[in-house]
**Q** 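There's a structure below that I have some questions on.
Remember, predicted model here, so these are calculated numbers, not experimental data. We count ligands from 1, going down the list as the structure has it; atoms in each ligand are counted the same way.
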Amino acid sequence: MRRLLAAVLGCWLLAPALPCLAQVDSTPDLSLLQGDPQRGRLVFGPCRTCHFTEAEAGHGNGPNLYRIFGKVAGKQPGFDYYSAPLQAAQFVWTPAVMYAWLENPMAATPGTSMMSAGVPDPRRRADLIAYLQQVSVRTATAPATP
Ligand code: HEC
């Protein structure tokens, strides 16, 4: 995972976005990410101080995290407090990339404005990712209100 993060962040600094995406897609590490969304909901508790997962809740002290996977880091419209490193970032959030980043966000992106120690424990981190994936899907497939 450390190698993956180094590859993603390294190529974001050194090269245009496309080669970075190719590297992320070829990662074999997704099998590590079979987390439990129910447990992940609790892991997300401290994140909720700053982040919402419901689209309609908008941004908090941190950017909204609804459907965050597939988005380029640091580019959400309406959130005006991205740090310089996130503004310049050219990588896409995938479960594997976020899993690697959350081990220690302040070390992975020096200068980030996100004051969080992340989630060092691998099991809890996998649960958190599963939760973030689930909340996006559930809201997206909810039946339309009459
Ligand atoms: C004290 C407030 C705070 C807490 C707690 C916090 N964050 Fe953040 N988060 C931020 C801020 C501010 C940013 C923007 C960082 C930057 O621009 O450097 C951010 C950025 C992010 C991003 C990137 C979003 C994007 O649009 O690219 C993700 C993903 C994220 N946080 C996940 C988490 C998770 C998961 C947790 C819990 C482990 C967490 N954050 C805890 C404030 C917080």
**Q** Side chain or backbone of P63 under 4.0 Å from ligand 1, or both, or neither, by non-hydrogen atoms?
**A**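 Side chain only.
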
**Q** Can you list the ligand 1 atoms lying under 4.0 Å from a non-hydrogen atom of Q76?
**A**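 Checking each atom against Q76, I get 25 (C), 26 (O).
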
**Q** Within the 4.0 Å heavy-atom shell around G62, which atoms of ligand 1 are there?
**A**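 Those atoms are 10 (C), 11 (C), 42 (C).
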
**Q** At less than 4.0 angstrom from any non-hydrogen atom of T112, what atoms of ligand 1 do you find?
**A**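 Taking each heavy atom of T112 in turn, ligand 1 has 15 (C), 16 (C), 18 (O) under 4.0 Å.
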
**Q** Using a strict cut-off of 4.0 Å, indicate which atoms of ligand 1 neighbour a heavy atom of P46.
**A**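 Taking each heavy atom of P46 in turn, ligand 1 has 5 (C) under 4.0 Å.
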
**Q** Would a distance-only check, ignoring hydrogens and angles, find a side-chain to backbone donor-acceptor pair under 3.5 Å from N64 to G58?
**A**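 Side chain of N64 to backbone of G58: a pair is present.
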
**Q** In this structure, would L86 and F79 fall into the same cluster of hydrophobic residues linked by side-chain contacts under 4.5 Å?
**A**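 Per the 4.5 Å side-chain linkage, L86 and F79 are co-clustered.
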
**Q** Check whether Y82 reaches the backbone of P63 with its side chain - one donor and one acceptor, N or O, closer than 3.5 Å.
**A**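 No, the answer is negative, given that no donor and acceptor are paired below the 3.5 Å cut-off.
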
**Q** Do D121 and R125 meet the salt-bridge criterion of a basic N to acidic O distance under 4.0 Å?
**A**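 No salt bridge links R125 with D121.
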
**Q** By number and element, which atoms of ligand 1 are closer than 4.0 Å to a non-hydrogen atom of W93?
**A**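 Listed by number with element: 23 (C), 24 (C), 25 (C), 27 (O).
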
**Q** With nothing but distance in play, are any N or O atoms of W101 less than 3.5 Å from an N or O of ligand 1?
**A**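 For ligand 1, there is no N or O atom that lies under 3.5 Å from one belonging to W101.
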
**Q** Does H51 bring an N, O or S atom to within less than 2.8 Å of atom 8 (Fe) of ligand 1?
**A**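 So H51 counts as coordinating atom 8 (Fe) of ligand 1, yes.
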
**Q** Tell me, yes or no, whether the heavy-atom count around R39 atom CZ, taken from other residues, nucleotides or ligands under 6.0 Å, exceeds 12.
**A**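 Counting neighbours around CZ of R39, more than 12 heavy atoms of other residues, nucleotides or ligands fall under 6.0 Å, so yes.
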
**Q** Is it the side chain (CB and beyond), the backbone, both or neither of T109 that lies under 4.0 Å from ligand 1, heavy atoms counted?
**A**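 T109 to ligand 1: no contact under 4.0 Å from either part.
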
**Q** Counting from 1, what ligand 1 atoms have a heavy atom of C50 closer than 4.0 Å?
**A**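 Those atoms are 1 (C), 2 (C), 3 (C), 4 (C), 5 (C), 42 (C), 43 (C).
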
**Q** Does T112 offer a backbone N or O that forms a donor-acceptor pair with the side chain of T109 under 3.5 Å?
**A**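 Checking the backbone N and O of T112 against the side chain of T109, no donor-acceptor pair under 3.5 Å is found.
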
**Q** May I ask whether T49 has any heavy atom positioned less than 4.0 angstrom from an atom of ligand 1?
**A**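 Contact check T49 vs ligand 1: negative.
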
**Q** Among M98, H51, Q133, which residue meets the side-chain contact (heavy atoms from CB on, under 4.5 Å) test with I68?
**A**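 When side-chain contact (heavy atoms from CB on, under 4.5 Å) is applied between I68 and each of M98, H51, Q133, only M98 qualifies.
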
**Q** Under a 4.5 Å cut-off applied to non-hydrogen side-chain atoms, are Q76 and H59 in contact?
**A**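 Yes, side chains in contact.
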
**Q** Between D127 and G35 (side chain of the first, backbone of the second, donor and acceptor by atom type, cut-off under 3.5 Å), is there such a pair?
**A**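 Looks like no, no N/O pair under 3.5 Å.
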
**Q** Using a 4.0 Å cut-off to any heavy atom of S83, which atoms of ligand 1 qualify?
**A**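 Under 4.0 Å from S83, ligand 1 has these atoms: 16 (C), 17 (O), 18 (O).
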
**Q** Check the pair Y66 / T53 against side-chain contact (heavy atoms from CB on, under 4.5 Å), numbers first and verdict last.
**A** CA-CA 5 Å; Y66 174 69; T53 53; 5.6 Å; no

**Q** Just to confirm my output: which protein heavy-atom neighbour is closest to atom 26 (O) of ligand 1, and how far is it?
**A**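 For atom 26 (O) of ligand 1, the nearest protein heavy atom is Y82 OH, 2.6 Å.
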
**Q** Taking the minimum heavy-atom distance to atom 39 (C) of ligand 1, which of M114, R125, Q87 ranks first?
**A**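 It is M114 whose heavy atom sits nearest to atom 39 (C) of ligand 1.
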
**Q** Just to be sure I read this right, does ligand 1 sit under 4.0 Å from the backbone of A89, its side chain, both, or neither, counting only heavy atoms?
**A**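 For A89, no heavy atom sits under 4.0 Å from ligand 1.
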
**Q** Counting heavy atoms only, which of S116, P105, S113 comes nearest to atom 14 (C) of ligand 1?
**A**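 Looking at heavy atoms only, S113 sits closest to atom 14 (C) of ligand 1.
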
**Q** May I ask whether F69 and V43 are part of the same hydrophobic cluster, defined by side-chain heavy atoms of I, L, V, M, F, W, Y residues being less than 4.5 angstrom apart, directly or through others?
**A**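 Looking at the clustering, V43 is in the same group as F69.
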
**Q** With a 3.5 Å distance limit and no angle check, can you tell me whether E103 reaches the backbone of P122 through a side-chain donor-acceptor pair?
**A**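 Here the side-chain-to-backbone pair does not exist.
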
**Q** Closest non-hydrogen protein atom to atom 12 (C) of ligand 1, residue and atom name please, with distance?
**A**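 Its nearest protein heavy-atom neighbour is N61 O, 3.4 Å.
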
**Q** Okay, side chain of K75, backbone of Q87: is any donor-acceptor separation there less than 3.5 Å?
**A**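 Such a contact is found between K75 side chain and Q87 backbone.
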
**Q** Short list, please: which atoms of ligand 1 are under 4.0 Å from a heavy atom of L65?
**A**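 Those atoms are 28 (C), 29 (C), 32 (C).
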
**Q** Starting from atom 38 (C) of ligand 1, which protein heavy atom do you reach first, and at what distance in Å?
**A**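 Answer for atom 38 (C) of ligand 1: C47 SG, 2.7 Å.
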
**Q** Charged N to carboxylate O under 4.0 angstrom, R67 versus E54?
**A**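 Salt bridge: no.
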
**Q** So is there a nitrogen or oxygen of G74 less than 3.5 Å from a nitrogen or oxygen in ligand 1?
**A**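 So ligand 1 has an N or O lying under 3.5 Å from an N or O of G74.
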
**Q** Just to be sure I read this right, does ligand 1 sit under 4.0 Å from the backbone of M98, its side chain, both, or neither, counting only heavy atoms?
**A**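 For M98, the contact with ligand 1 is made by the side chain alone.
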
**Q** Compute the shortest N/O to N/O distance between K75 and ligand 1 and return yes if it is under 3.5 Å, no if not.
**A**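 Not met; the criterion fails.
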
**Q** Report the part of V119 in contact with ligand 1, treating N, CA, C, O as backbone and CB onward as side chain, heavy atoms under 4.0 Å; options are side chain, backbone, both, neither.
**A**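 Side chain only.
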
